[in-house]
Every structure is written in structure tokens, then in C-alpha cells.
Amino acid sequence: RPAYETTISDLAERGQFVTAVMASDNDASDVGRLTYSIVGGNTKQTFTLEEFTGILTLSNLRKPSLDAEYLLNISVTDGVFTNFATVHIAVETSNLHDPVFPDLYDVDVAENLAADAYVTTVSASDADRGKYGGVTYSIESEEAMATFYIDENSGEIFTLESLDRETRSQYVVPVAATDGGGRMGHVNVMVNVADQGDNPPLFKMGQYKANVYADAEIGTTIIKVIRC
């Protein structure tokens, strides 16, 4: 069975040319009598086939959103004999939408954890279909990349080194999501370094001196010591 292959855009307009099928007949008297018709696969009357020329177009009745592909069965007849062919139509998606992050990210991470500590997971969605609907993730700042890394497929963010609140208490990690056509969405991840109390208390002075009266009453304040 003969087969035709063609591709159209998902933005194709009503009445747009798709392809043309052509048959021959060894009976010379039947050449002008060949007629074509779609006998299968034309869901929701998406396509129209011109009966005598075999030109296939998008119907004026086609639905607003095309399927990813179609497989049409086409017949041709001379009034006595009939033959068939298939037409495979792939619908190429358009890259109309940017990836979108649904949330802002503000997370706490304990200080002094070993490198490769989990921070958070970012997630973006893309309303396009096919390759344009998938996204990969990246960190957009060289400064942030020195401290964090992201799994480009899962969006999971991890530390590259142990964090110390006394050195830095907060990081801003700019993250991009990129779809298969290069369109991008952006979000900032705020990473707050949580204090773990890893420093011992210190007095402001190494030695304190005070005087007290011999007849001082019980509970009398003598001196106040202060720690840093």
C-alpha cells in the first residue's frame, strides 16, 4: 500500500494545503474518472480531500487544537476498481510559552553540614507540547555556582561546601528553566543559613573585680558579668 508522509505546524490555518495524493490507471479511458476520498482516520473532520485532484487541506471545520499526528486512509476509484493509500501527518508544535515557576523559594539550611547537602527542589512548567514542553535547570550566577549546584533534569539544588552562618547568613541563587526551543523562565532561591550554636560563650572581660560592704544584706547585687 502506498504511503505519504508530511508535516504541518500546529498553527496552520483553516484551508491550508497539506499534501496531494496521486494515482494512475492503465486504462486510458479511466484517467479522468479517478475520484479520491478519505475513508479512515479523519477524526472530527480535520481534513478535506478534493475529490478529483487529490489535494488534501485542513478543513474549515478543524478543531482549534490539532493532535500530535494523524494517519489517514485514502481511497481512489475509477468507478469499478478501488485502491488505497495512507497519509501520515505529523503536527509540529510551536514554542509559544516560557517556562513558569509557580512558587517563590525561601529555604533554611543548617550550617556546618557536609558538602552535597540537599537545599531544595525547584520546578517549572511549560504549556507547550513535545520537546518545547520539557525544561532543564541551571544556576545563572558564577558566585552562586561556587557554593551550590543544581541537577539540570530534576531541579534539585545541593551545596558544594559546608555553610557557616558567621561567615555568611544568606545566599541568593538565581535559577533559570530553559525549554527545548531556548525560551526561559527565572526565579530566585533565597537560602538562609540557620545557626547551630557552634561557638562557645565568651565573657567580655577576662577578670572582674568588685567591692562589697561587710554588712550587705542577703541578695544584694555585687556585680554583673556580661558575655559577648
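Just so it is clear, the values below take in all heavy atoms, side chains as well, and ignore hydrogens, waters and symmetry mates. Throughout, residue positions are numbered sequentially from 1 according to the sequence presented.
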task = First locate atom CG of Leu96, then atom CZ of Arg183, and finally report the distance between them rounded to the nearest 0.5 Å.
result = 7.0 Å

query = Roughly how far, to the nearest 0.5 Å, is the CZ atom of Phe47 from the OH atom of Tyr70?
reply = 5.5 Å

message = We want to know whether Asn112 and Asp164 form a side-chain donor-acceptor pair, criterion being a heavy-atom distance below 3.5 angstrom.
response = no

ask   = Who else is in Leu71's hydrophobic cluster (ILVMFWY, side-chain heavy atoms under 4.5 Å, direct or via others)?
value = none

ask   = Just how far is it from atom CD of Glu156 to atom OG1 of Thr120, taken to the nearest 0.5 Å?
value = 9.5 Å

Remaining members of hydrophobic cluster (4.5 Å side-chain criterion), Tyr171 = Phe101, Tyr105, Val107, Val109, Leu113, Val119, Val122, Val135, Tyr137, Ile139, Met145, Phe148, Ile150, Ile157, Leu163, Val173, Val175, Val187, Val189, Val191, Val193

key: Hydrophobic cluster partners of Ile55 (side-chain heavy atoms under 4.5 Å)   = Phe17

Audit row: Arg168, Glu143, salt bridge (Lys or Arg N to Asp or Glu O under 4.0 Å) steps and yes/no = CA-CA 13 Å; Arg168 185 168 179 177; Glu143 179 184 8; 3.0 Å; yes

ask   = Just by distance, with hydrogens left out, do Tyr149 and Asp116 show a side-chain donor and acceptor under 3.5 Å apart?
value = yes

request  = Decide, yes or no, whether a salt bridge links Arg33 with Asp78 under the criterion of side-chain N to carboxylate O below 4.0 Å.
outcome  = no

request  = Determine, step by step, whether Ser75 and Ser37 satisfy the side chain to side chain donor-acceptor pair (under 3.5 Å) criterion, reporting the C-alpha distance in whole Å, the side-chain angles of both residues, the deciding distance to 0.1 Å, and the verdict.
outcome  = CA-CA 5 Å; Ser75 71; Ser37 61; 2.8 Å; yes

inquiry  = I need the minimum non-hydrogen distance between Gln170 and Asn192, along with the two atoms involved.
reply    = NE2-OD1, 2.7 Å

key: Reported OH-to-CG distance for the pair Tyr4 and Leu56, which is rounded to 0.5 angstrom   = 11.0 Å

query = Counting only heavy atoms not in Met184, do more than 12 fall under 6.0 Å of its CE?
reply = yes

request  = Would you kindly say whether Thr93 and Asp10 are connected by a side-chain donor-acceptor distance under 3.5 Å?
outcome  = no

